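First up is the structure itself, then whatever we jot down about it.
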Amino acid sequence: MNNQDHQPVLSIITVVYNNVKAIERTILSILNQTYPAIEYIIIDGNSTDGTMEVITKYQSQITKLVSGKDKGIYDAMNKGLALATGDYVLFMNSGDELYTPDTVEQVFASAEDADIYYGETEMYNEQWESLGRRRHQAPTTFTHDSFRYGMSISHQAIYIRRSLISPYDLQYQLSADIDWILNAVQKAKKISNTNRYVAKYLVGGMSKAKHRQSLQERFQIFTKHYGLIPNLINHVVIAAKLISYYLKHRKTND
């Protein structure tokens, strides 16, 4: 258990642009947490569909709110990081949810003073129907090598000590979160598996809409971290696992 004299402050950052349909669900999943030491930051990309009207309903409970044009999702996330003052950072983007109202409490109760906490993710479609666990199951032990065969921990399911993180690399428009997590893991000394579901993830987004570009960026990032030849070999394994999973389940659940 964490020292009760100091509860770690968690900065939760939500990035949103024109998602009036789902933003309230995300906000409520955070505001209804039983854990008290949460700094909630929302970065809106100058939405025009009524998203801001929903957000302002809860403005008194939002720590920091910024609305304005940005240069893409990771530029918006960097704005959030620049405003964060908590001990840890978690991104919970519009449409996604914390798994249960006591998720944050349970995460920090799982181990004392870890540099990174992580857990499992459940996938949901646009009708908010469960698609089950992600195909890339969270590893029992998380190291820099854990992403060799794909991003096995989702962005919404990893809590990182703020002192370990750096801004997102904006050369990657769709997959910078992989590089960002791997950079932090290299600096971490203690990583804790919470052994529980911690996030609900809405499938889709820009990485699906621009799937080819996303895959190209992922290949570049994995080559940067693992080397070209090992990455080529790893991708043969990735392809085989994807085909096997699809033949068995008739879906990919990325």
Side-chain angles (χ1 to χ4, degrees), residues 1-16 23 26-45 55 58-68 70 73-119 121 142 153-169 176-177 179-194 196-201:
M1 293 288 288
N2 284 292
N3 187 333
Q4 295 301 309
D5 294 330
H6 173 69
Q7 288 184 306
V9 176
L10 175 65
S11 296
I12 301 181
I13 302 169
T14 294
V15 171
V16 59
I23 184 61
T26 300
I27 291 173
L28 289 175
S29 87
I30 293 162
L31 297 183
N32 289 333
Q33 286 296 301
T34 57
Y35 190 80
I38 291 176
E39 172 186 65
Y40 190 28
I41 300 168
I42 297 183
I43 308 296
D44 173 72
I55 294 172
Y58 303 98
Q59 191 160 0
S60 64
Q61 297 168 271
I62 297 167
T63 313
K64 297 170 185 176
L65 170 62
V66 174
S67 182
D70 53 59
I73 187 170
Y74 296 115
D75 181 47
M77 289 180 175
N78 280 342
K79 289 181 180 181
L81 288 177
L83 294 173
T85 64
D87 300 295
Y88 295 85
V89 170
L90 171 70
F91 281 92
M92 190 60 55
N93 291 334
S94 182
D96 303 332
E97 291 186 19
L98 289 157
Y99 200 73
T100 58
D102 66 345
T103 290
V104 176
E105 183 179 350
Q106 292 297 327
V107 165
F108 286 123
S110 66
E112 184 176 354
D113 203 34
D115 290 320
I116 293 176
Y117 297 87
Y118 70 97
T121 304
F142 183 37
I153 301 171
S154 74
H155 204 185
Q156 298 77 8
I158 187 165
Y159 297 53
I160 302 178
R161 192 184 295 278
R162 189 169 61 88
S163 61
L164 298 182
I165 62 177
S166 53
Y168 290 88
D169 188 338
D177 49 327
D179 182 59
W180 183 76
I181 291 171
L182 287 174
N183 287 336
V185 169
Q186 287 181 300
K187 303 173 189 174
K189 291 182 173 61
K190 181 179 179 180
I191 300 177
S192 175
N193 185 352
T194 64
R196 62 185 292 121
Y197 280 91
V198 296
K200 297 178 181 179
Y201 173 69

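Note that the structure is predicted; figures quoted are calculated from it, not measured.
Counting heavy atoms from C-beta on, the side chains of T14 and I23 come closer than 4.5 Å. Residues N93 and I73 form a side-chain contact, since some pair of their non-hydrogen atoms from C-beta on lies under 4.5 Å apart. With contacts defined as side-chain heavy-atom distances shorter than 4.5 Å, the pair D169/N183 does not qualify. Contact check for E39 versus K64: side-chain heavy atoms found under the 4.5 Å cut-off.
With rounding to the nearest 0.5 Å, the separation of CD1 in I55 from CD in Q59 is 9.0 Å. Atoms CG and CD1, from N193 and I153 in turn, are 7.5 Å apart once rounded to the nearest 0.5 Å. Between atom CD1 of residue I13 and atom CE of residue M77 there is a gap of 8.5 Å, rounded to the nearest 0.5 Å. From Y40, atom OH reaches atom CD1 of I62 across 6.5 Å, with rounding to the nearest 0.5 Å. Taken to the nearest 0.5 Å, the CD1 atom of I116 stands 4.5 Å off from the CD1 atom of I191. Interatomic distance, E97 CD to I27 CD1, rounded to the nearest 0.5 Å: 11.5 Å.
F108 and L10 make their closest contact through CE1-CB, 4.0 Å (heavy atoms, listed as atom of the first residue, atom of the second, distance). Across A76 and V15, no two heavy atoms sit closer than the pair CB-CG1, 3.6 Å. Residues T121 and S154 share a closest heavy-atom pair of OG1-OG, 2.6 Å. Contact record, G68 with K79: O-NZ, 4.3 Å, taken as the closest heavy-atom pair.
In this structure, T194 has no side chain to side chain donor-acceptor pair (under 3.5 Å) partners at least two apart in sequence or on a different chain. Taking D177 as the reference, Y74 meet the side chain to side chain donor-acceptor pair (under 3.5 Å) condition, with sequence neighbours excluded.
Distance alone, capped at 3.5 Å, is enough to place a donor-acceptor pair between the N78 side chain and the Y168 backbone. Judged by distance alone, with hydrogens and angles left aside, the side-chain atoms of T63 form no donor-acceptor pair with the main-chain N or O of I41 at under 3.5 Å. Using a distance-only test at 3.5 Å, with no hydrogens or angles considered, a donor-acceptor pair links the side chain of K190 to the main chain of E112. In terms of modelled atom types and a separation under 3.5 Å, the side chain of S11 and the main chain of V89 share no donor-acceptor contact. With hydrogens and angles disregarded, no donor-acceptor distance shorter than 3.5 Å links the side chain of S192 to the backbone of Y117.
Partner of Q33 under the side chain to side chain contact (heavy atoms under 4.5 Å, CB included) criterion, chosen from L28, I12, L98: L98.
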Evaluation steps, side chain to side chain contact (heavy atoms under 4.5 Å, CB included), between L90 and V107:
CA-CA 12 Å; L90 171 70; V107 165; over 6 Å; no
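T100 and T103 share a side-chain donor-acceptor pair at under 3.5 Å.
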Can you give each donor-acceptor pair under 3.5 Å made by side-chain atoms of residues 158-167, sequence neighbours left out, with the distance rounded to 0.1 Å?
{"residue": "R161", "atom": "NE", "partner": "D115", "partner atom": "OD1", "Å": "2.8"}
{"residue": "R161", "atom": "NH2", "partner": "Y88", "partner atom": "OH", "Å": "3.1"}
{"residue": "R161", "atom": "NH2", "partner": "D113", "partner atom": "O", "Å": "3.3"}
{"residue": "R161", "atom": "NH2", "partner": "D113", "partner atom": "OD1", "Å": "3.0"}
{"residue": "R161", "atom": "NH2", "partner": "A114", "partner atom": "O", "Å": "3.0"}
{"residue": "R162", "atom": "NE", "partner": "G86", "partner atom": "O", "Å": "2.6"}
{"residue": "R162", "atom": "NH1", "partner": "A84", "partner atom": "O", "Å": "3.4"}
{"residue": "R162", "atom": "NH2", "partner": "T85", "partner atom": "O", "Å": "3.4"}

